[in-house]
**Student:** 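This is the structure I want to talk about, given as structure tokens.
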Amino acid sequence: MVNAQIGIIGGSGLYQMDALKNVEEVTLDTPFGAPSGSFIVGELAGTPVAFLARHGRGHHLLPSEIPFRANIHGMKQLGVKYLISASAVGSLQAEAKPLDMVVPDQFIDRTRQRISTFFGEGIVAHIGFGNPICPQLAQCLSTAIASLELEGVTLHNRGTYVCMEGPAFSTIAESNLYRSWGGTVIGMTNLPEAKLAREAEIAYATLALVTDYDCWHPDHDHVTVEMVIGNLQKNAVNAQRVILETVQQLAANPFDSIAHSALRYAVLTPPDKFPAATYEKLSLLLDKYYSPSR
Ligand SMILES: CSC[C@H]1O[C@H](OP(=O)(O)O)[C@H](O)[C@@H]1O
Ligand SMILES: Nc1ncnc2[nH]cnc12
């Protein structure tokens, strides 16, 4: 099996990494079904990475249809310890303008139809999620963005990502509500990913690419798909430069994240009560702690 410690999930407008070398397409199955598509494994500046387009390469999956569990499980199978998510977001604050980059440190969950856990079916676990983003990985992203001095791009190195269900964009009333809650940006995908990555003990951070002002700003048009993709196309080259720089930093200075031991005290069910079939589904996550005692 191919091994890549760094994973990249590309969102709307980022369906491939142009700088990848020695590329191999890997099709994986998981106990949680099929991922969004095949993983593209290759080298970025000599470092092995695994890339996945979360909506599929032809963008055929709605946010609510993305097989988040399979995607994260697939990354885990490939050996990923650090996961970078690149995502299009609307801005909820005037200072975060289209084409800016935000590295959020918090989430607000407004999803309704997502399965955001690997657990259940007889094995109960509760991970800590107070700090949902890995601070060191977020710092790597921020350092990379700052070091590139990208023209016209302001870095916002913290912020709250509101994750809505979609697929319709928000109403003005909702957008203003999220602003009053302190939301910085809004998207439809990153929260289930972050929760599942934490359960899989993978450090996760988001590179949020601002594409629009959602619908709250009196001086800007309401968000449309055309606006999102137009701005992302302008910024996709910069986003790939940021990811490349981050991967180089990470390869030179790997670190231990709190995410890497998230399950140590999370499981409540005694191991002798684990249903065998459920344990088998979760063995990639749980063997590290329980295999010898079972
Ligand atoms: C194309 S606009 C809405 C769409 O874009 C964002 O996707 P991603 O997070 O995968 O970049 C947003 O979350 C919606 O899924
Ligand atoms: N305004 C917005 N709302 C939700 N998701 C988005 N992705 C990009 N812009 C968005």
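Ligands are counted one by one from 1 in listed order, and the atoms in each one are counted from 1 as well.
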**Student:** Show me the pairs that pass side-chain hydrogen bond (donor to acceptor under 3.5 Å, both in side chains) and involve residues 26-40, at least two apart or across chains.
**Tutor:** E25-S38, S36-N71, S38-R57
**Student:** Pairs of nitrogen or oxygen atoms, one from ligand 1 and one from the protein, closer than 3.5 Å: please tabulate them with distances.
**Tutor:**
residue, atom, partner, partner atom, Å
ligand 1, 5 (O), S12, OG, 2.8
ligand 1, 7 (O), S12, OG, 2.9
ligand 1, 7 (O), H55, NE2, 3.4
ligand 1, 9 (O), S87, OG, 2.9
ligand 1, 9 (O), T189, OG1, 2.6
ligand 1, 10 (O), S12, N, 3.4
ligand 1, 10 (O), R54, NH1, 2.9
ligand 1, 10 (O), H55, NE2, 2.5
ligand 1, 11 (O), S12, N, 2.9
ligand 1, 11 (O), A88, N, 2.9
ligand 1, 13 (O), M188, N, 2.7

**Student:** Test: side-chain hydrogen bond (donor to acceptor under 3.5 Å, both in side chains). Region: residues 198-216. Which pairs qualify, not counting sequence neighbours?
**Tutor:** S85-Y204, T117-E199, S175-D214, N190-Y204, N190-T206, E193-Y204, E201-K288, E201-Y289
**Student:** Below 4.5 Å, heavy atoms only, C-beta onward: do L92 and V185 meet side chain to side chain?
**Tutor:** no
**Student:** Hey, can you tell me if Y178 and W181 have their rings parallel, tilted or perpendicular (30° and 60° cut-offs)?
**Tutor:** tilted
**Student:** If hydrophobic clusters are built by linking Ile, Leu, Val, Met, Phe, Trp and Tyr wherever their side-chain heavy atoms come under 4.5 Å apart, do M101 and L244 end up in the same one?
**Tutor:** yes
**Student:** Between Y82 and H260, is the gap from one ring center to the other below 6.0 Å?
**Tutor:** yes
**Student:** Hey, mind stepping through H222 and F169 against ring pair (Phe, Tyr, Trp, His ring centres under 6.0 Å) and telling me if it holds?
**Tutor:** CA-CA 9 Å; H222 291 187; F169 293 115; over 10 Å; no
**Student:** Check ligand 2 against the protein and report each N/O to N/O distance under 3.5 Å, formatted as atom name, atom name, distance.
**Tutor:**
residue, atom, partner, partner atom, Å
ligand 2, 1 (N), D212, OD1, 2.9
ligand 2, 1 (N), D214, OD1, 2.8
ligand 2, 7 (N), A88, O, 3.4
ligand 2, 9 (N), G90, N, 3.2
ligand 2, 9 (N), D212, OD2, 2.6

**Student:** Between F32, F68, F39, which is the residue that forms a ring pair (Phe, Tyr, Trp, His ring centres under 6.0 Å) with H73?
**Tutor:** F32
**Student:** Please say yes or no: joined through hydrophobic side-chain contacts below 4.5 Å, possibly via intermediate residues, are I133 and L263 part of one cluster?
**Tutor:** yes
